[in-house]
K.L.:
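Questions regarding the structure given below will be posed in turn.
Naming convention: chains lettered A, B, ... in sequence-line order (proteins, then strands); numbering from 1 in each chain.
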Amino acid sequence: MRIICCRFGDKFTDWHVDNLKHMIDNYSGLKYDSFEVIENDIYGNWYNKLQMYDKFRDGENLYFDLDIVIYNKLPNLIRKQFTLLDDTWWREPAHTPLNSSIVSWTGDVSYIWNKFVSNDVFWLDKYNKGSDEFYYKQIVYQTYEPVCPSIKNNMNYKPEEYSICTLGQMQHLMEKGWTGWYSDYFIQR
Amino acid sequence: MIKVCTVFFEGKYSPDYVSKFYDSLKRNTTVPFEFVCLSDTDVKADLVLPYNKHSNIKLHWHKLKFFSPQFAYQKPGDEIIIMDIDQVITKNIDDLINYPVKDNEFISYHTWWPRNIKVNGGFYKFKSGDFDYIWNDFSLNPEYWQTHYYENGDVHYKYYGEQNYVDWKLFEKNITITEVPGEWLGKYTDNKKDMIEMNKLYSKKFNTDYMILDDINEKIKIVHLNGVKNNKIWNIQ
């Protein structure tokens, strides 16, 4: 099984990559064969993530965003079909119900990359709020059952019924100076 | 523990504003405190926290982080003071730093010159966590709030309006603002005409001498600068 993450631009640093690996190795219970980091910045935005479908065309794949907190043993998140999060159990759908903070697939889904890259200028313009809308409108997908709440509804208490939270817009919680239940799981700065 | 919390970012001011402010605080109070600066460069402070230039939080809006009890290693019962660094302390400020604060009480300067909001971002004091909704609500939609007051015409520069937001949240929650005595606060600007008017207003309002002429009025403890070019005011430290 392959763990994948992406790091582009200045927003995230090596610390964030090391931190994800730290949480996976210490709290998730996941056993993996390789930990892959995609850093090739083609588009200057999160459409860069789509490169992973071209690069990893075999075996079991599990992708995580860097702005998450993993604090307990994860449920089985490996999926055969292309699967990502549906957030509408904790938020309004907005322009897409989907969230690609966690993505899994087995085998070859390079058709996603091929479809995007064959007309990338058009898709970037059409779905300019992010790649999750591209998935929503253009790709056949499956979604996880509720497995990953947002920390914004769980700032003061750890949601014990889950084992992973997305930070979403609360990425500042990873900066030095923030202390809460979540910071116990991050690498000390 | 009293935490005096500030924000510095390169641009309008130089890092020596922080060190001068820090030294001035230390020199002019006997009250123990920790000086915290959220800064994008190395500055003189007891605790320096990173100002993340790549974050979606802009300029002075970083000040709002101190309203979260989860920021700056706050502990229950801590008294949090948020101050701007463009201030000159002119005499002992024990009465200001030690100003008594009750649970759910919000303390700010009394702004004695005409203004359309009640709070003054130069000085906030409250108990840790009592107004956490100010940060929590803001952090849910920073893009909206950071341009709201500019688009509304309340402020003249994009990304200004942090004080307006704090003022609004306190109004929304029906919080009465406690004000420290207005005569403690002076205001200094390069504009001579404005200074004449301010001096007259201060004199009339507090039935005393002018605010700042050759010397500083003895009632004044701290002077809030309005503009970056008036460095000569540092001489009065």
Side-chain angles (χ1 to χ4, degrees), chain A residues 6-17 19 39 41 44-46 48 65-67 69 71 87 90-92 94-95 99 128-130 149-159 165-189, chain B residues 1 3 5-9 34-43 45-59 61-76 78 80 82 128-146:
Chain A
C6 296
R7 188 186 81 85
F8 311 109
D10 299 321
K11 198 169 183 180
F12 294 100
T13 63
D14 290 342
W15 180 89
H16 293 88
V17 174
N19 184 58
E39 296 182 294
D41 189 354
N45 59 45
W46 284 101
N48 284 326
D65 270 354
L66 296 174
D67 53 344
V69 52
Y71 52 93
D87 278 352
W90 60 262
R91 67 162 170 88
E92 295 297 314
H95 60 285
N99 178 341
N128 56 26
K129 289 179 180 168
S150 168
I151 204 162
K152 77 176 185 181
N153 302 316
N154 299 280
M155 281 291 293
N156 295 323
Y157 300 101
K158 180 166 58 180
C165 270
T166 173
L167 301 192
Q169 286 225 321
M170 305 272 180
Q171 289 154 14
H172 56 268
L173 298 177
M174 296 180 122
E175 295 170 4
K176 183 185 172 190
W178 288 92
T179 46
W181 66 264
Y182 45 86
S183 48
D184 293 343
Y185 300 93
F186 298 153
I187 300 177
Q188 292 299 305
R189 285 182 177 272
Chain B
M1 163 74 82
K3 285 178 181 276
C5 305
T6 58
V7 172
F8 171 79
F9 47 88
E34 182 187 41
F35 184 77
V36 183
C37 188
L38 201 165
S39 171
D40 62 357
T41 190
D42 194 29
V43 290
D46 299 319
L47 172 65
V48 180
L49 294 171
Y51 174 106
N52 182 358
K53 286 178 177 171
H54 308 295
S55 141
N56 56 350
I57 313 296
K58 310 290 184 192
L59 308 180
W61 294 89
H62 284 271
K63 281 166 69 175
L64 302 185
K65 290 178 175 175
F66 294 112
F67 284 102
S68 171
Q70 297 185 3
F71 189 59
Y73 310 109
Q74 296 180 34
K75 298 207 166 32
D78 279 352
I80 307 302
I82 305 176
S128 173
D130 277 357
F131 301 95
D132 60 348
Y133 51 82
I134 291 180
W135 168 257
N136 292 340
D137 292 355
F138 167 76
S139 68
L140 294 177
N141 202 352
E143 286 80 8
Y144 171 78
W145 287 113
Q146 287 175 143

K.L.:
Look at the aromatic rings of B:Phe131 and B:Phe67 and report parallel, tilted or perpendicular, splitting at 30° and 60°.
P.N.:
perpendicular
K.L.:
Based on non-hydrogen pairs under 4.5 Å, which of A:Lys11, A:Gln171, A:His172, A:Arg189 is most in contact with chain B?
P.N.:
A:His172
K.L.:
With a 4.5 angstrom heavy-atom cut-off, could you sort out which part of A:Tyr182 is near chain B: side chain, backbone, both or neither?
P.N.:
side chain
K.L.:
Are the side chain of A:Arg7 and the backbone N or O of A:Phe12 linked by a donor-acceptor pair below 3.5 Å?
P.N.:
yes
K.L.:
Does A:Ser150 offer a backbone N or O that forms a donor-acceptor pair with the side chain of A:Asn154 under 3.5 Å?
P.N.:
yes
K.L.:
Is chain A contacted by the side chain of B:Leu38, its backbone, both, or neither, given a heavy-atom distance below 4.5 Å?
P.N.:
neither
K.L.:
For the pair B:Tyr73 (side chain) and A:Thr179 (backbone), establish whether a donor and an acceptor sit closer than 3.5 Å, ignoring hydrogens and angles.
P.N.:
no
K.L.:
Measuring heavy-atom distances to chain B, does A:Glu175 have an atom under 4.5 Å in its side chain, in its backbone, in both, or in neither?
P.N.:
side chain
K.L.:
State whether the side chain of B:Gln70 and the backbone N or O of A:Met155 hold a donor-acceptor pair below 3.5 Å, judged by distance alone.
P.N.:
yes
K.L.:
For chain A, which of B:Val36, B:Asn141, B:Leu140 has the most heavy-atom pairs under 4.5 Å?
P.N.:
B:Leu140
K.L.:
Within residues 47-57 of chain B, which positions have a heavy-atom distance to chain A below 4.5 Å?
P.N.:
B:Val48, B:Leu49, B:Pro50, B:Asn52, B:His54, B:Ser55, B:Asn56
K.L.:
Nearest 0.5 Å, what's the CG-CZ distance between B:Asp40 and B:Phe9?
P.N.:
8.5 Å
K.L.:
Given heavy-atom pairs under 4.5 angstrom as the criterion, report whether the side chain, backbone, both or neither of A:Lys152 touches chain B.
P.N.:
side chain
K.L.:
Between B:Lys3 and B:Asp46, is the closest basic N to carboxylate O distance under 4.0 Å?
P.N.:
no
K.L.:
Donor-acceptor pair, B:Asp78 side chain versus B:Lys75 backbone, under 3.5 Å?
P.N.:
yes
K.L.:
Is atom CG of A:Asp184 surrounded by more than 12 heavy atoms (other residues, nucleotides or ligands) closer than 6.0 Å?
P.N.:
yes
